[in-house]
Amino acid sequence: MIGIVAAVLFFIAFLINAADISTNDTFTSTNLMLLGLTALALHVAGIGSGWSYRGRR
């Protein structure tokens, strides 16, 4: 699920960068790419993947 969020953030950052949309200082394509990288790192680390490693019987 977090991997999909990362993909959406990367796509929005690409659109802002490609269309040269003027945004405020907190909603820039660089900030969205960094949020996407954070979400991707969490996904690769296994957080939010839905897997449970607790012993089920």
Side-chain angles (χ1 to χ4, degrees):
M1 185 69 180
I2 294 179
I4 295 171
V5 171
V8 169
L9 287 172
F10 285 139
F11 182 69
I12 292 171
F14 171 74
L15 287 179
I16 289 173
N17 193 17
D20 200 25
I21 297 172
S22 176
T23 59
N24 58 9
D25 291 336
T26 58
F27 192 67
T28 62
S29 62
T30 304
N31 287 344
L32 284 177
M33 284 190 292
L34 290 174
L35 286 174
L37 284 173
T38 303
L40 188 62
L42 290 173
H43 175 72
V44 169
I47 298 172
S49 63
W51 290 93
S52 177
Y53 293 110
R54 296 180 184 163
R56 292 185 181 176
R57 294 182 184 174

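What you are looking at is a predicted structure, and each value in this text was computed from that prediction instead of being measured.
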Pair up each side-chain donor or acceptor in residues 28-35 with any protein partner under 3.5 Å, not counting sequence neighbours, and list the distances.
unit_1, atom_1, unit_2, atom_2, d
T28, OG1, N31, N, 3.3
T28, OG1, N31, ND2, 3.4
N31, ND2, D25, O, 3.4
N31, ND2, T26, O, 3.2

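Criterion: ILVMFWY side-chain heavy atoms under 4.5 Å apart, direct or through other members. Under it, I16 and V5 are part of a common hydrophobic cluster. Residue L9 is grouped with residue F27 when hydrophobic side chains (ILVMFWY) are merged at heavy-atom distances under 4.5 angstrom, including chains of intermediate members.
What you find for I21 and L15 is that their closest heavy atoms are CD1-O, 4.3 Å.
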